[in-house]
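Chain letters run A, B, ... following the sequence lines, proteins first, then strands; residues in each count from 1. What you are looking at is a predicted structure, and each value in this text was computed from that prediction instead of being measured.
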Number of protein chains: 2
Amino acid sequence: MSKELPEWEKAREEFVVQWGSLGTQWGIPRTMAQIHALLMTAPEPMCTDDVMERLEISRGNAHTNLKDLVGWNLVRIITKKGDRKEYFEAEKDVWKIFITISKERKRREIEPAMQLLRDCAARTKEEAVGPGRDFHQQMKDLDEFLSFGVKVADTVISMKHASALQWAMRLLG
Amino acid sequence: MSKELPEWEKAREEFVVQWGSLGTQWGIPRTMAQIHALLMTAPEPMCTDDVMERLEISRGNAHTNLKDLVGWNLVRIITKKGDRKEYFEAEKDVWKIFITISKERKRREIEPAMQLLRDCAARTKEEAVGPGRDFHQQMKDLDEFLSFGVKVADTVISMKHASALQWAMRLLG
DNA sequence: TCACGATTTCACTAAAAACTGAAAATACCG
DNA sequence: CGGTATTTTCAGTTTTTAGTGAAATCGTGA
């Protein structure tokens, strides 16, 4: 006895599976990407058991990845009164998702890199000639570029969707 | 008998190692990130054996990752006359590195995702009500956002560094 | 406080990814 | 051609990461 899914649920199934394998290509755990896809397209918040059943994964796996998504601020926990289970709901607004991911990546990926570049630049600031000087300069160039990129990103992040759109249209126009 | 490295080479060593482990955090193979760091800070082009020796890795590993970097257009092959070895040289200009990575990521990561979103949107375009309609709309929203992002990226990618800077300054100012 | 549903942890296993080393293929030179 | 330096491939191994499932912990209401 297999449940007959409506057409849109079949498309959703496809979306979840493929989003999962796309995820692995950019270094995101398959399950995490799948859960995110599932929740982004969920009409209602889902609980751990819903996710386990739908993706046929263990409780531990579902739990860990749900909590990781909460840690990325891409998913929030909902509690219903009279029910002590936790339900999970993904942010669906595309602009907000973009802002959130940008912030997190900045914090987790860019900032540590900048720290390293600064350390390496500082250690070689006395180098006045030849390869030593070039190395120092390279570290500074990379750092400056990232700093600048972060400033731009911070500006965009602080914008409302509409202002960002308007600004981008000007660039394109 | 261990070779005494100049101070800047010690900093470089640190850079290579740490860039490698940063790399793994954003889904880039450690060795690939290390080789890239090594070449970005190399005074002269290096051959496969140079890289093997410096990073203490096997020939196969060095070879594969060097060629992958060439495939990303982050590294190019240099041949010296009277020497049949291949030498490798990384792009050092930060703006060019940025452009290259943006292009490649667009091609490898964004475009496949957009394809999926379009398929899923197309399969559900008849859905007129309720969750089916919401799903369709979500796919369209994601697709539109990415399309727009790609347009912006294409514009930036086509700019010279100086114009991009000027444009960004206006945003910040 | 006890019982129970829910969450969290974690030792273990499974799967995937990265790396090795040597053999095979290729390119160049006389 | 034949010899040699170099590049490429790939089966096998190691390392890393992801996932399981059951036990431990937590939290709430009776």
Between A:Arg133 and A:Glu127 (salt bridge meaning N to carboxylate O under 4.0 Å), is one present in this structure?
no
Is it the case that over 12 heavy atoms from other parts of the model lie below 6.0 angstrom from the CD atom of B:Gln166? no
Self-check item: A:Lys10 and A:Glu13 ion-paired at < 4.0 Å
Solution: no
Which is it for A:Thr24 and A:Arg30 under the side-chain hydrogen bond (donor to acceptor under 3.5 Å, both in side chains) test, yes or no, and what are the steps along the way? CA-CA 5 Å; A:Thr24 61; A:Arg30 174 188 263 82; 4.7 Å; no
Separation of D:dT8 atom P from B:Met52 atom CE, nearest Å, is 14 Å
- Are A:Glu111 and A:Arg107 ion-paired here, with the side-chain N under 4.0 Å from a carboxylate O? no
In the 5' to 3' direction, the nucleotides of DNA chain C bounding the stretch that comes under 4.0 Å of a heavy atom in chain A are C:dC4 to C:dT9
By ring pair (Phe, Tyr, Trp, His ring centres under 6.0 Å), A:Trp167 pairs with (sequence neighbours left out) B:Trp167
So, with a heavy-atom separation below 4.0 Å from DNA chain C, the residues of residues 27-41 of chain A are none
Numerically ordered, the residues 58-91 of chain A set in heavy-atom contact under 4.0 Å with DNA chain C is A:Arg59, A:Gly60, A:His63, A:Lys67, A:Arg84, A:Lys85, A:Glu86
For A:Arg105 and B:Arg105 the tightest heavy-atom approach is NH2-NH2, 3.3 Å
Students should find that the hydrophobic cluster of B:Val17, defined by side-chain heavy atoms under 4.5 Å apart, otherwise consists of none
Residues pairing under salt bridge (charged side-chain N to carboxylate O under 4.0 Å, His left out) where one sits in residues 147-166 of chain A, two or more places apart or in two chains, turn out to be A:Lys106-A:Asp154
- Salt-bridged, A:Glu9 to A:Arg54, with N to O below 4.0 Å? yes
Rounded to whole Å, CG of B:Asp49 lies from P of D:dT7 at a distance of 8 Å
